[in-house]
Participant: 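Take a look at the following structure, please.
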There are 2 protein chains.
Amino acid sequence: MIDDIDRAILELLAGNSRLSLKDLAARIQLSSPSTSERLKRLEERGIIRGYTIDADPRLLGHQLQAIVRIRPLPGRLPSVQKLIEATAEIVECDKVTGEDCFVARLFVRSMEHLDEVVDRIAEEATTNTAIVKGQLIKRRLPPITY
Amino acid sequence: MIDDIDRAILELLAGNSRLSLKDLAARIQLSSPSTSERLKRLEERGIIRGYTIDADPRLLGHQLQAIVRIRPLPGRLPSVQKLIEATAEIVECDKVTGEDCFVARLFVRSMEHLDEVVDRIAEEATTNTAIVKGQLIKRRLPPITY
DNA sequence: GCAAATGATCGACGACATCGACCGCGCAAT
DNA sequence: ATTGCGCGGTCGATGTCGTCGATCATTTGC
C-alpha cells in the first residue's frame, strides 16, 4: 500500500517540501512523471494533508512558549472551547483523556502577555501552565509502519 | 522590519508551501522576481526555518496519539533525555518548567504499543499519559506582531 | 502462455524561475 | 531646494522544469 519509494518521498518532503519534482525524482531514482504521479496519489489518499512552513516564533515576536493544561469548570466546557478557538496565541490544542480536558500550546510576546492570556482562560477553567525552556525534539515524522 | 507583504507570504506558504513563485506573486500583487527576493530574505533572516509537510499519522499506521508528561527519577535526567531522543514514536518533546520536566507527544499503533513505549520510559521516570481524543486546533501560525 | 492492468520511461511543448538591465521613489547631505 | 545614492520594484530574455501523450516492461489472473 505504501512502499519504500513513497516513504522516501515523504521523508524528503518532510525535510524540504519545496523540493522541485526534478530533484525529488533524482533522489529517489525515478523519472519526474512517475514521481509526480506518486505525489498525486499520496495527496489523493490523504496521506499528505498539506504543505507548510516552519517559522521561527521568536523572530515573529514571540519570545515565550508555554504548554497550558486546561480543565473547564463544571458546565463551562463549550464556552472554554470557544474561547480557546478564539485565542490566536494558541497555536495547537488537543482534547485529551485524564484530569485535564485540553492541552494547548501557546506563543506569547512576554510574561505579561502570558499572564493576560492565561487569566482570561482561568476565569472559566482550572489551568496549569508550563513554560517551555527548550525543544528536545522538534516536530518530526513518526516512523512509517505501513 | 517585516511588513504586510512578508506577512502575506508567510500566511500563504503556511497554507501551502508548494505554491509556485508565480502564484505567490499573483496573490500578493507583486512580480515574481521581487517575490523571490523577499522569500530569499525571509529565509536568510531565519524567519522561515524550513518547508515541511503535514502527513496524516493514521494513514501511516498510527491510530493513537498521546501526550506524556515525564519527570525523571533523581539522577536519571540525562539517561531519560537520551531515551526520549532515541524513541522514534516521540515526534515532539519540550523541556518545561514545573513539576514535570518534559512534555512529549507520541504516535503509536495501538494501546499495546503505547503501553510498551510508556513502560520503557516509566522505568526511569514518573509519567502521566493523556490520550488525545481530538484536535481542537491543529498547528497554525501565531499572530505576527512584528 | 496470453491478455490486461499497472507503473514506469521518453520526448515535445508550454509554463515557470532566474538573471541582468533599467526605473522610480525616498532619504541624506550639501 | 537639489543632487546623489541606495533600496526595492518591473520588464524581457534565456534556460530549466513540469506535464501530457505515446509507448514499453512487468506482474497478475484466467
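Keep in mind that the numbers below use all heavy atoms, side chains included, and drop hydrogens, waters and symmetry copies. Each chain gets a letter, A, B and so on, in the order its sequence line appears, and its residues count up from 1.
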Participant: Holding to salt bridge (Lys or Arg N to Asp or Glu O under 4.0 Å), I want the full list of residues that pass it with Lys138(A), two or more places apart in sequence or in another chain.
Facilitator: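 For Lys138(A), the residues satisfying salt bridge (Lys or Arg N to Asp or Glu O under 4.0 Å) (neighbours in sequence not counted) are Asp54(A).
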Participant: Write out a two-atom table: protein N or O, nucleotide N or O from nucleotides 14-17 of chain D, distance below 3.5 Å.
Facilitator:
unit_1: dC17(D); atom_1: OP2; unit_2: Lys22(A); atom_2: NZ; d: 2.8

Participant: Taking the basic N atoms (NZ, or NE/NH1/NH2) and the acidic carboxylate oxygens, is any pair closer than 4.0 Å for Arg18(A) and Asp23(A)?
Facilitator: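 Looking at Asp23(A) together with Arg18(A), the answer is no, because their closest N to O distance does not fall below 4.0 Å.
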Participant: Take atom CD of Glu37(B) and atom C1' of dC11(D), then tell me their distance rounded to the nearest Å.
Facilitator: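 Taking CD of Glu37(B) and C1' of dC11(D), I get 16 Å after rounding.
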Participant: Quick one: Ile5(B) CD1 to dT10(D) C1', roughly how many Å, whole number?
Facilitator: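 Spelled out: CD1 on Ile5(B) to C1' on dT10(D) is 14 Å.
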Participant: How far does CD of Glu89(A) sit from CD1 of Ile121(A), to the nearest 0.5 angstrom?
Facilitator: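 Result: 9.0 Å between the selected atoms.
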Participant: Working to the nearest 0.5 Å, report the span between OG of Ser17(B) and CG of Leu12(B).
Facilitator: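 Atom-to-atom, Ser17(B):OG and Leu12(B):CG are 11.5 Å apart.
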Participant: To the nearest 0.5 Å, what is the distance between CG on Leu21(B) and CG on Leu30(B)?
Facilitator: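 Result: 11.0 Å between the selected atoms.
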Participant: Could you tell me the boundaries of the chain B footprint on DNA chain C, defined by atoms under 4.0 Å from its heavy atoms?
Facilitator: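 Range of nucleotides touched by chain B: dC16(C) to dC19(C).
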Participant: For the pair made of CG in Leu30(A) and P in dT26(D), what is the distance, rounded to whole Å?
Facilitator: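 For the pair Leu30(A) CG and dT26(D) P, the rounded distance is 15 Å.
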Participant: Does OP1 or OP2 of dG18(D) have a side-chain N or O of Ser36(A) closer than 4.0 Å?
Facilitator: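 For Ser36(A), the contact criterion (side-chain N or O under 4.0 Å from OP1 or OP2 of dG18(D)) is not met.
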Participant: Run the side-chain donor-acceptor check on residues 79-86 of chain B: report pairs under 3.5 Å with partners two or more places apart or on a different chain.
Facilitator:
unit_1: Ser79(B); atom_1: OG; unit_2: Glu124(B); atom_2: OE1; d: 2.4
unit_1: Ser79(B); atom_1: OG; unit_2: Glu124(B); atom_2: OE2; d: 2.9

Participant: Going through the distances and angles, do Leu39(B) and Leu13(B) end up as a side chain to side chain contact (heavy atoms under 4.5 Å, CB included)?
Facilitator: CA-CA 10 Å; Leu39(B) 197 49; Leu13(B) 288 180; 3.5 Å; yes
Participant: Side chains of residues 98-109 of chain A: which donor-acceptor partners sit under 3.5 Å, not counting sequence neighbours?
Facilitator:
unit_1: Asp100(A); atom_1: OD2; unit_2: Arg69(A); atom_2: NE; d: 2.6
unit_1: Arg105(A); atom_1: NE; unit_2: Glu92(A); atom_2: OE1; d: 3.1
unit_1: Arg105(A); atom_1: NH1; unit_2: Asp94(B); atom_2: OD2; d: 2.9
unit_1: Arg105(A); atom_1: NH2; unit_2: Glu92(B); atom_2: OE2; d: 3.3
unit_1: Arg105(A); atom_1: NH2; unit_2: Asp94(B); atom_2: OD2; d: 2.8

Participant: Looking at side-chain heavy atoms only, is the closest gap between Leu60(A) and Leu10(B) below 4.5 Å?
Facilitator: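 Touching, per the 4.5 Å side-chain cut-off.
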Participant: Strictly below 4.0 Å, heavy-atom distances to any atom of DNA chain D: list the hits from residues 45-53 of chain A, or just say none.
Facilitator: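 Hits under 4.0 Å, by residue number: none.
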Participant: Rounded to the nearest 0.5 Å, how far does CG of Asn16(A) lie from CD1 of Ile53(B)?
Facilitator: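 Taking CD1 in Ile53(B) and CG in Asn16(A), the distance rounds to 11.0 Å.
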